[in-house]
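To keep things clear, I will list the structure first and then write my remarks on it.
Predicted model only: the values in this text are computed from it and were never measured. As the structure lists them, so they are numbered: ligands from 1, and atoms in each ligand from 1.
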Amino acid sequence: MIPEQVFNQLDRLPAHPTYLYDLDGLEKHVQKVKTALGKVEVLYAAKANPDPRILQAVFPHVDGFEVASGGELSHVHQHFPQASLAFGGPAKLTSDLKLALEKGIQRIHVESPAELQKLALLARELQCTAHVLLRANLNLKIEGVPLAMGGRPSPFGMDETLLESCLPILKQHPELHCHGIHAHLASGLKDAETHLHLLSGVMDWFRGFISQHRLDWQELNLGGGMGVDYQTRKPYDWHTLGEGLHQVKDLKLRIEPGRSLVASCGYYATPILDIKSSHGETFVIVQGGTHHFRTPAAQNHSHPFQIKPMHAPEVQNCTVNVVGQLCTPKDRLSTAVQVQGAAVGDWVVFPLAGGYAWNISHTAFLMHPEPNFVYLQNL
Ligand SMILES: Cc1ncc(COP(=O)(O)O)c(C=O)c1O
């Protein structure tokens, strides 16, 4: 399950929680995704993991980055001033919109008529053009996904009536150049066929909307949301998505995946500090926990792991819960998992920790030290 080159590294590491990122594997994976998608533009959603080394590995193989705050915008722009950027996110600060205009960001994804008005005034003040997509929350049926942002009441994007109320604002303001629509409706879509079906609905709606309002828009950003199956580890079928999107000849398509690009390159490895039984269950207590690796808590799942034995086993062939060092029962990483053996000092290694892992963790709680980071490249 865990590649040998990752496991072998652990022999050389100090006994401290460590993120290992397989940058060679990441590059290969992103290249494969880009090949499967052909002409469809791919922006990496930096929110999944904005580590500069990750951005660096991804950068040569994508068409740009999606950023979702002024902080991400500054960070990504500072490291890659030449990169094409799209700036999204609800409730942007005026200062962030201004920064986006000053930096000449390629696309701003507008989330409300009020934001569009604000942007028009700023663009006039700065005497520049704001290149925008309007973010839509479409009335499409979205079922069976862990995180739906559209197709229901949500703070993200605009219903069709709000989109329509943007049209006169666009007409009034020559400093606004709208190129089309952005629609990130859900995250965690594991089945590419189902995903494609949803995206076909978005494309049909888009064609209807531009025809009804006689708009010359061509760009459609279909968002991210390609799922990662943490339990079966079956990869997302990029080939099927690419084949489906290649049929589309009349639109300029773009996607902005995060999790599905980077999750598989990351591993969170941490030593066992204690093993004890409590009311009939065995607890393996590791150094670190959800303050380093919040993915299991955020996904509400039992995260798969593998143990690298460093000592003779203290427990054998038993079912364990893996928990962290925090004084809360929520600091649980895995539940009721059968293990061959475990001992204090062994490493517990969690795969699929490359995205929405370290950077979504509540690091300040209890003031434990931060993890170490190891980048595997040119091995
Ligand atoms: C607007 C937008 N685009 C892209 C993404 C990336 O989604 P994912 O990491 O699921 O691919 C998100 C995630 O929340 C998002 O909100």
**OP:** Please determine if E66 and R107 form a salt bridge, counting it only when a charged side-chain N lies under 4.0 Å from a carboxylate O.
**Re:**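 Result for this pair is no, no salt bridge flagged.
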**OP:** Step by step, work out the side chain to side chain donor-acceptor pair (under 3.5 Å) result for H131 and Q106.
**Re:** CA-CA 6 Å; H131 294 275; Q106 277 67 23; over 6 Å; no
May I have a table of the N/O to N/O pairs between ligand 1 and the protein that fall below 3.5 Å, each row giving the two atom names and the distance to 0.1 Å?
{"from": "ligand 1", "atom 1": "3 (N)", "to": "E256", "atom 2": "OE2", "distance (Å)": "2.7"}
{"from": "ligand 1", "atom 1": "9 (O)", "to": "G258", "atom 2": "N", "distance (Å)": "3.4"}
{"from": "ligand 1", "atom 1": "9 (O)", "to": "R259", "atom 2": "N", "distance (Å)": "2.9"}
{"from": "ligand 1", "atom 1": "9 (O)", "to": "Y356", "atom 2": "OH", "distance (Å)": "2.6"}
{"from": "ligand 1", "atom 1": "10 (O)", "to": "S187", "atom 2": "OG", "distance (Å)": "2.8"}
{"from": "ligand 1", "atom 1": "10 (O)", "to": "G225", "atom 2": "N", "distance (Å)": "3.4"}
{"from": "ligand 1", "atom 1": "11 (O)", "to": "G225", "atom 2": "N", "distance (Å)": "2.8"}
{"from": "ligand 1", "atom 1": "11 (O)", "to": "G258", "atom 2": "N", "distance (Å)": "2.9"}

**OP:** Check step by step if salt bridge (Lys or Arg N to Asp or Glu O under 4.0 Å) holds for D250 and R207.
**Re:** CA-CA 9 Å; D250 58 329; R207 292 186 185 98; 2.7 Å; yes
**OP:** Given salt bridge (Lys or Arg N to Asp or Glu O under 4.0 Å), test R254 with E219 step by step and report yes or no.
**Re:** CA-CA 8 Å; R254 190 174 299 140; E219 274 185 33; 3.1 Å; yes
Original post:
Residues two or more places apart in sequence or in another chain: which of them pass side-chain hydrogen bond (donor to acceptor under 3.5 Å, both in side chains) with D22?
Top reply: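 Testing D22 for side-chain hydrogen bond (donor to acceptor under 3.5 Å, both in side chains), a comparison that skips the adjacent residues, returns none.
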**OP:** Determine the interplanar angle of the Y19 and F293 rings, folded into 0 to 90°, and report it as parallel if under 30°, tilted if 30 to 60°, perpendicular if over 60°.
**Re:**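 Plane angle over 60°, so perpendicular.
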